[in-house]
Each structure stands twice: as C-alpha cells, then as structure tokens.
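Shown next, in structure tokens, is the structure this report addresses.
For clarity, every value in this text was computed on a predicted model and none was experimentally measured.
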Amino acid sequence: ASMPNTGGAYIHIREAYGRRWGFLYGWIVFWVINAGSTATLATAFGIYSGYFLPLGYAGQKFFALAAIAILAFINYRGVRSGAIAQNLTTVFKVGGLVFLIVGGLLLASKNYGNFRPVFPEEFSWDTLSAFGLAMVGTLWAFEGWHQMPMNGGEIRNPRRNIPLGMFAGLLILAGIYLLANITYITQLSIGEMAASPFVAADAARRIAGEGGAVFLAIVILISVF
C-alpha cells in the first residue's frame, strides 16, 4: 500500500534489491509462476467440464485452452471488463457455496460421525507427508493474495483499499471454505471423498438430489474459471 504502483511484487523487489532482480522476477512470473498456475486451473476447468460432456483427453484440453483464450480477451479489453467478469463469477460462486452450506448444515440430515477420528490412531512420517500433500490443495484456495497490489496503480485510494481488500478477502474466504468443508464432511465419509473426483457435486447430491449436484458442478466450473 505504501508503493501503489502497477506491478506488485516486481516493484517491491526492484526497490529492495535492484533492477536486475526485479527484471528476473518479472520473467519468472511470466514463464513459470503465472503460466503454471494458469495451466493448472485451466486443466481443472477441462476436467470438470467432463461432468457435463463425455470429453476425452483432447476435449478436456480444448476446453482448457478455450477458457484461457476467453479470459485473455476479457482482460485485454481493459480493467473494467475484467472487473465486471470477476464480480459476476464471484457472486455466483459465493452464492452457490452459501446454498451448499445452508442446505447441508441447516436443512439436510447430517452424519457427525464422519468427523471421527479427528487424529490418526498412530502417528508416522507418512501421516506428516499426507498432511503436507493435503496442504497443496488448501493453499490453492488462498493462492493469489500477494497479487492484490499488482494493480496498485489502478486502485482508488490504494493505501486504504489494498490492505482492506487483502485482510477482508482472506477472512471471508477462510470462513466460507471452512463452512463448505464442514458441510462436505457431514454429507460424505472420508472414504467417499477420497474416491470422488467431484466432492462438492456429490455432497450437493446428498442435500438436494441430482439437480443440486448439477448446480454445484456449474458453480465449481465458474469458480475455477
């Protein structure tokens, strides 16, 4: 917030360590960091599209590439079109998760036995390894918080809105995702979750039948997008 310039971490690294390191960071972001995260999310988009269509390997890759192309075009049009797209998808995503949480925790039958055992009966290094592997998916939920200052030069009142956006966003996100995961556990056993490629849709199916599963699959697709 004290350096509200467009460029985010590139600006911070350049000012702290010099132009050479800022330059290298910029190219690493372009070729590795953002490219890798975009490819991962696009692949997930292609896989989840298979919930609705019988897509093979090539079909999934086509949907993944199409998602990247559409978003590239939207962002190319300017900040306003990108903001409109992000606001619309966020409202739909959060609304879908609220539907899941309210239905699962207030309306549907619940199995609290799925929460046990809280800890494994015996601790081993394999347990720690599995916990670390599970954290990869968890951290994806919050990946991107450091990119909030990326558009610092285009944000109104950045000294107020950048910290407010980061802290409020993290708290809201954590609350929604914790409640969503509690909902999953009340509807599905650990074994059922481990065997399912579409956990949210399967939990919604328990809550609201096949229509609920289709709705949540659409929400997840929009969420990835």
Short side-chain to backbone donor-acceptor contact, N75 and G82, under 3.5 Å: no

query: Which distance, rounded to the nearest 0.5 Å, do you find between the CD1 of I33 and the OH of Y25?
result: 5.0 Å

- request: Would you check if the side chain of S223 reaches a backbone N or O of V219 as a donor-acceptor pair within less than 3.5 Å?
  value: no

task: Following the transitive rule for hydrophobic clusters with a side-chain heavy-atom cut-off under 4.5 Å over Ile, Leu, Val, Met, Phe, Trp and Tyr, establish whether L221 and Y177 coincide in one cluster.
output: yes

task: Could you check whether the rings of F215 and F99 sit parallel, tilted or perpendicular, using 30° and 60° as the cut-offs?
output: perpendicular

- prompt: More than 12 non-hydrogen atoms from neighbouring residues, nucleotides or ligands closer than 6.0 Å to CZ on F52, yes or no?
  reply: yes

task: For residues F225 and L71, report the shortest heavy-atom separation together with the two atoms involved.
output: O-CD1, 3.2 Å

field: Closest approach of A201 to Y48 (non-hydrogen atoms, all atoms of both residues)
entry: N-OH, 4.3 Å

query: Is a side-chain N or O of N34 found less than 3.5 angstrom from the main chain of F30, in a donor-acceptor match?
result: no

query: Going from OG on S81 to CZ on F73, what distance comes out if it is rounded to the nearest 0.5 angstrom?
result: 8.0 Å

query: So how far is it from I155 CD1 to I162 CD1, rounded to the nearest 0.5 Å?
result: 4.5 Å

statement: When every non-hydrogen atom of Y10 is compared with those of G22, the smallest separation belongs to CD1-O, 3.0 Å

query: With no hydrogens and no angle check, is any side-chain donor or acceptor of N111 less than 3.5 Å from a backbone partner on S189?
result: no

query: Is any side-chain heavy atom of D202 less than 4.5 Å from a side-chain heavy atom of M193?
result: no

Between CZ on residue F63 and CD1 on residue I68, distance to nearest 0.5 Å: 14.0 Å

Side-chain heavy atoms of F92 within contact of I218, under 4.5 Å: yes

message: Given 3.5 Å as the limit, does a donor-acceptor pair link the side chain of T40 with the main chain of G36, or not?
response: yes

task: Consider only side-chain heavy atoms of I, L, V, M, F, W and Y, link residues closer than 4.5 Å, and tell whether L179 and L171 are in one cluster.
output: no

statement: On a heavy-atom basis, the closest approach of T183 and I101 is OG1-CA, 3.6 Å

message: Are the side chains of L188 and N114 in contact, using a 4.5 Å heavy-atom criterion?
response: no

message: With a 4.5 Å cut-off on side-chain heavy atoms, are E192 and R206 touching?
response: yes

- prompt: Just by distance, do the side chain of Q187 and the backbone of S109 share a donor-acceptor pair under 3.5 Å?
  reply: yes

- prompt: Got more than 12 heavy atoms from elsewhere within 6.0 Å of CZ, F131?
  reply: no

message: Please give me the minimum heavy-atom distance between Y112 and T186, naming the atom from each residue.
response: CE2-CG2, 4.1 Å

- prompt: How long is the gap from OH on Y57 to CD1 on I47, to the nearest 0.5 Å?
  reply: 10.0 Å

- prompt: Would you find a donor on one side and an acceptor on the other, under 3.5 Å apart, between the side chain of T89 and the backbone of I222?
  reply: no

message: Tell me whether W31 shares a hydrophobic cluster with W21, the cluster being built from Ile, Leu, Val, Met, Phe, Trp, Tyr side chains joined at under 4.5 Å.
response: yes

- request: Flag yes if L53 and F45 sit in one hydrophobic cluster, no otherwise; membership is Ile, Leu, Val, Met, Phe, Trp, Tyr, and two members link when side-chain heavy atoms are under 4.5 Å apart.
  value: yes

task: Determine whether more than 12 heavy atoms belonging to other residues, nucleotides or ligands lie under 6.0 Å from atom CD of E15.
output: yes

message: To the nearest 0.5 Å, what is the distance between CG on N181 and CD1 on I176?
response: 12.0 Å

- request: Ignoring hydrogens and angles, tell me if any N or O in the side chain of T127 forms a donor-acceptor pair with the backbone of F123 under 3.5 Å.
  value: no

- prompt: Any chain of hydrophobic side-chain contacts (each under 4.5 Å) joining M150 to V79?
  reply: no

field: Note, S49 side chain near L55 side chain (heavy atom, < 4.5 Å)
entry: yes

message: For the CD atom on E210, are there more than 12 heavy atoms of other groups (residues, nucleotides or ligands in this structure) within a distance under 6.0 Å?
response: yes

query: What pair of heavy atoms forms the shortest contact from G104 to I207, and how long is it?
result: CA-CD1, 3.5 Å

